[in-house]
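Report on the following structure.
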Amino acid sequence: MSPDQPGSRRRAHPGSASARRAETARVAAERAALGRGVRFHSIFLALMGLVLAAAAGNVLLGAVGVLRETRSRPLTEAERAKYVQEDVARRWRAWPVGMVFPEELEYAGLGRALQYARRVGVAPETSCSAAVDPPVASVLRRYRCVTMLRATYVDQTATFAVTVGVAVLPDEQTRVDTAAKLPQDDRVGVRPVAFPNTVTDLFGAAQRQRTGFVGAGPYIVFSSVGYTDGRIRDSVPAEEQLNSEMWPVGQSIAARIARSLAQPPDVPRCTRGNVC
């Protein structure tokens with residue numbers, strides 16, 4: 001029977017079996033690759049899940065830590081002491097001039113009668129060395145005195161003039177060390193500041209009768225006192241110097257300023273005010 005005749009059996013193409021096997025192999029390879037891809041994708045997603053979970057845990061722990069650090073809580077004793085120290089130490093520059101050197105200061109006169117000293121003027125801020133005598137200046141330089149504030153007062157009768165100088169030291173311990181080295185000589189100390197056309201215009205270094213100082217916090221408060229009429233120290237008899245009301249007035253004014261500067265502030269109970 002002729003191959004072209006109907007009913008005759010067609011012979012298989014020699015490449016058809018190998019093509020099917022190749023197609024089957026290709027499909028199997030694709031399925032295997034797809035399976036591997038699915039497995040890798042699952043592993044990747046699992047690893048990413050672990051990473052994200054760890055990151056979320058760290059964020060949560062960090063948030064808890066921040067919350068613990070920022071929430072209001074009672075101050076410790078060390079924190080309370082630090083609060084007081086820092087508040088006192090910044091008063092010389094944070095307070096207005098009228099708080100450092102009040103316009104009026106109360107003092108006890110003869111017979112402990114209550115009297116008031118009046119502020120005549122406030123000098124410009126200056127270096128510690130420029131405001132004191134050389135023996136005192138050398139000590140203040142050695143202990144890194146920051147600056148000097150000065151004002152001059154007169155007593156209620158305008159008989160005595162008192163220049164008060166506030167020396168600012170780096171901290172309270174430095175102030176203690178500085179004061180221990182200052183000369184114990186009532187002829188040297190803060191230089192008087194006179195204000196022209198006032199009752200103090202004759203008050204200079206020669207008119208100083210006595211000097212002194214008192215420590216408080218990081219401050220040394222110096223005082224120099226004399227008469228407003230221009231009389232010099234050498235013209236005043238020793239017995240008058242000892243019995244005069246002048247020196248108690250000078251001491252009292254300086255002490256009042258020192259106490260005010262070092263007065264402990266009200267300390268809040270908690271890190272965020274008074275509510276914990």
Side-chain angles (χ1 to χ4, degrees), residues 84-85 87-93 95 97-109 112 114-120 122-123 125-126 128-129 131-133 135-155 160-193 203 205 208-226 241-242 244-265:
V84 171
Q85 182 182 38
D87 184 272
V88 170
R90 64 172 169 261
R91 287 177 180 175
W92 69 272
R93 63 177 180 273
W95 280 6
V97 66
M99 288 185 67
V100 178
F101 297 120
E103 291 187 5
E104 286 190 341
L105 283 172
E106 185 180 282
Y107 70 93
R112 304 192 65 80
L114 187 63
Q115 297 187 2
Y116 291 89
R118 175 175 57 87
R119 190 187 74 202
V120 178
V122 178
E125 181 181 334
T126 188
C128 299
S129 297
V132 296
D133 297 301
V136 178
S138 63
V139 177
L140 295 182
R141 279 195 300 269
R142 189 189 320 161
Y143 287 95
R144 309 183 311 283
C145 182
V146 177
T147 193
M148 179 77 76
L149 314 176
R150 290 183 296 172
T152 297
Y153 288 82
V154 293
D155 72 316
F160 311 125
V162 183
T163 291
V164 178
V166 177
V168 182
L169 280 302
D171 52 60
E172 186 168 356
Q173 185 57 53
T174 304
R175 185 269 299 170
V176 172
D177 297 339
T178 305
K181 298 297 183 180
L182 287 173
Q184 302 298 314
D185 185 347
D186 68 1
R187 295 168 299 178
V188 297
V190 65
R191 294 182 182 277
V193 180
F203 185 43
R208 284 184 299 185
Q209 301 295 318
R210 295 188 67 174
T211 65
F213 63 86
V214 60
Y219 309 107
I220 297 178
V221 181
F222 293 91
S223 60
S224 288
V225 60
Q241 293 179 17
L242 292 174
S244 173
E245 183 186 5
M246 174 179 59
W247 182 231
V249 170
Q251 286 181 308
S252 179
I253 292 173
R256 289 293 301 271
I257 290 173
R259 283 197 301 271
S260 176
L261 282 169
Q263 179 70 29

> Quick check: does any side chain N or O of T126 sit under 3.5 Å from a backbone N or O of A131, one acting as donor and the other as acceptor?
Replying inline: no
> Can you list the steps and then say if Y219 with V168 is a side chain to side chain contact (heavy atoms under 4.5 Å, CB included)?
Replying inline: CA-CA 5 Å; Y219 309 107; V168 182; 4.1 Å; yes
>> With rounding to the nearest 0.5 angstrom, report the CG to CE distance, L261 to M99.
In response: 9.0 Å
>> How long is the straight-line distance from CG of D177 back to CG of D171, given to the nearest 0.5 Å?
In response: 8.5 Å
>> Give me the atom names and distance for the closest heavy-atom approach of P192 to F203.
In response: CB-CE2, 3.5 Å
>> Restricting to non-hydrogen atoms, name the atom on A258 and the atom on V214 that form the minimum distance, rounded to 0.1 Å.
In response: CB-CG1, 3.8 Å
> Atom CZ in F222, atom CE in M148: separation rounded to 0.5 Å?
Replying inline: 5.5 Å
> salt bridge (charged side-chain N to carboxylate O under 4.0 Å, His left out) between R91 and D87: does it pass, once the steps are laid out?
Replying inline: CA-CA 7 Å; R91 287 177 180 175; D87 184 272; 2.8 Å; yes
>> Show the nearest heavy-atom pair for residues R150 and R191, with the distance to one decimal.
In response: NH1-O, 3.2 Å
> Can you name the closest pair of heavy atoms from V193 and A123 and give their distance?
Replying inline: CG1-CB, 3.9 Å
> Is it the case that more than 12 heavy atoms not belonging to R142 sit under 6.0 Å from its CZ atom?
Replying inline: yes
>> Is it true that S224 and T163 share a donor-acceptor pair across their side chains at a distance under 3.5 Å?
In response: no
> Which atom names give the shortest non-hydrogen contact between A262 and G217, and what distance separates them?
Replying inline: CB-N, 3.9 Å
>> How long is the straight-line distance from CD of E245 back to CG of D155, given to the nearest 0.5 Å?
In response: 6.5 Å
>> Going by the rule side chain to side chain contact (heavy atoms under 4.5 Å, CB included), which residues pair with T178 if we only count those two or more places apart in sequence or in a different chain?
In response: V139, L140, Y143, L169, T174, I220
> Taking the side chain as C-beta and beyond, is there a heavy-atom pair between E106 and Q115 under 4.5 Å?
Replying inline: no
> Taking only residues two or more places apart in sequence, or in another chain, which ones meet E125 in a side chain to side chain contact (heavy atoms under 4.5 Å, CB included)?
Replying inline: W92, T147, L149
>> Could you measure the distance from the OH atom of Y153 to the OG atom of S252? Nearest 0.5 Å is fine.
In response: 11.5 Å
> Less than 4.5 Å apart, any side-chain heavy atom of V88 and any of P218?
Replying inline: yes
> Tell me, do F101 and V164 make a side-chain contact under 4.5 Å, heavy atoms counted?
Replying inline: yes
> Do V84 and P265 come close enough that some side-chain heavy atom pair is under 4.5 Å?
Replying inline: yes
>> Would V249 and V225 count as a side chain to side chain contact (heavy atoms under 4.5 Å, CB included) here? Give the steps.
In response: CA-CA 8 Å; V249 170; V225 60; 5.7 Å; no
> Between CD1 of I257 and CZ of R119, what distance do you get to the nearest 0.5 Å?
Replying inline: 10.0 Å
> Would you say the side chain of V188 lies within less than 4.5 Å of the side chain of P183, judging by non-hydrogen atoms?
Replying inline: yes
>> For a quick check under 3.5 Å, do E104 and Y116 share a side-chain donor-acceptor pair by atom type?
In response: no
>> Closer than 4.0 angstrom, basic N to acidic O: yes or no for D133 and R208?
In response: yes
